[in-house]
Amino acid sequence: MNTISIAPAKNDSSIHEIARLAEEIWHQHFTPIIGEAQVNYMVEKFQSYPALKAQIEQNGYEYFQLFSSHTFAGYMGIHQEEDALFLSKLYIKKDCRGQHLATEALHFLIELCKERELKKIWLTCNRHNDHTLEVYKHLGFVITDEQAADIGNGFVMDDYILTYSLLDEVQPPR
């Protein structure tokens, strides 16, 4: 049985590891959804080492590595807001999906929200990322809005906004 663990990304080495994994996951998963040109642009702008480092140092983001047994299997990035936690990134390697890493990540985030007295977790997800949307719905997130955000270079993020409320919390499945 796999043991799942979550560790904060506390140094440059772990941030570099996250950036390398991000490039792998994004090219594999998102190219069929948004195309290679937009994937290349978004990886450089939001998922590269310099982008991650700037998000941490300048904008207060926190990053975590997800491990399945001792394999680096995924990562997440969060940003605390006034009464909410923005789940900016939650990505899992293709060969590690189906091991309940997303569920464990959500349980970890729920506990973090309770410690910090936050009322909800919210995220954005591409409207055409059907499987991921189903996973989030299964975990208890609901679509609360939608947005089309111009991210430059002629690209748009066409997303749903999903929210998990801790006020009327029903524990997500394990």
When the side chains of residues 140-150 are checked against the rest of the protein, which donor-acceptor pairs come out under 3.5 Å, sequence neighbours left out?
unit_1	atom_1	unit_2	atom_2	d
Thr144	OG1	Ile161	O	3.4
Thr144	OG1	Thr163	OG1	2.9
Glu146	OE2	Arg127	NH1	3.0
Asp150	OD1	Gly152	N	2.8

Original post:
Is the backbone of Leu167 close enough, under 3.5 Å, to the side chain of Ser165 for a donor and an acceptor to pair up by distance?
Top reply: yes
**OP:** For Glu62, enumerate each residue passing the side chain to side chain contact (heavy atoms under 4.5 Å, CB included) test, keeping only those at least two apart in sequence or located in another chain.
**Re:** Phe64, Ile78, Arg116
Original post:
Can you name the side chain to side chain contact (heavy atoms under 4.5 Å, CB included) partners of Gln65, sequence neighbours left out?
Top reply: Ser14, Glu17, Ile18, Phe67, Phe72
**OP:** If a pair satisfies side chain to side chain donor-acceptor pair (under 3.5 Å) and one of its residues is in residues 45-54, list it, with sequence neighbours excluded.
**Re:** Asp12-Tyr49, Asp12-Lys53, Gln47-Tyr75, Lys53-Glu57
Subject >> Sequence neighbours excluded - side chain to side chain donor-acceptor pair (under 3.5 Å) pairs with any residue from residues 28-38 >> reply: Gln28-Arg97, His29-Asn129
Could you report the tightest heavy-atom contact between [X] and [Y], atom names first, then the distance?
| X | Y | answer |
| --- | --- | --- |
| Ile15 | Ile56 | CD1-CD1, 3.6 Å |
| Cys113 | Leu166 | CB-CD2, 3.6 Å |
| Leu162 | Cys125 | CD1-CB, 3.8 Å |
| His27 | Val43 | CE1-CG2, 4.4 Å |

Rounded distance [0.5 Å steps], [atom1] in [X] versus [atom2] in [Y]:
| X | Y | atom1 | atom2 | result |
| --- | --- | --- | --- | --- |
| Leu109 | Met76 | CG | CE | 4.5 Å |
| Ile110 | Glu115 | CD1 | CD | 12.5 Å |
| Leu112 | Ile121 | CG | CD1 | 8.5 Å |

With sequence neighbours left out, what residues match [X] under side chain to side chain donor-acceptor pair (under 3.5 Å)?
| X | result |
| --- | --- |
| Glu81 | Trp122 |
| Asp130 | none |
| Glu117 | none |
| His79 | none |

Original post:
Does the side chain of Val135 come within less than 4.5 Å of Thr103's, by heavy atoms?
Top reply: no
Original post:
Could you go step by step and tell me if Glu104 and Leu66 meet the side-chain contact (heavy atoms from CB on, under 4.5 Å) rule?
Top reply: CA-CA 9 Å; Glu104 290 304 315; Leu66 308 175; over 6 Å; no
Subject >> From CA spacing to verdict: side-chain contact (heavy atoms from CB on, under 4.5 Å), Met42, Met157 >> reply: CA-CA 10 Å; Met42 290 182 73; Met157 289 192 322; 3.3 Å; yes
**OP:** Please name all residues satisfying ring-ring contact (aromatic ring centres under 6.0 Å, His included) with Phe155, sequence neighbours left out, ordered by chain then number.
**Re:** Tyr41
Subject >> Tyr136 vs Leu123, side-chain contact (heavy atoms from CB on, under 4.5 Å): CA-CA, chis, key distance, verdict >> reply: CA-CA 10 Å; Tyr136 283 126; Leu123 60 91; 3.4 Å; yes
**OP:** With sequence neighbours left out, write down each residue that passes salt bridge (Lys or Arg N to Asp or Glu O under 4.0 Å) with Glu134, or none if nothing qualifies.
**Re:** Lys137
**OP:** Kindly work out whether a path of hydrophobic side-chain contacts (I/L/V/M/F/W/Y, heavy atoms less than 4.5 Å apart) joins Phe46 to Val156.
**Re:** no
Per-pair distances, 0.1 Å, donor-acceptor, side chain in residues 82-93, under 3.5 Å, sequence neighbours excluded:
unit_1	atom_1	unit_2	atom_2	d
Lys89	NZ	Gln55	OE1	3.1
Lys89	NZ	Tyr63	OH	2.8

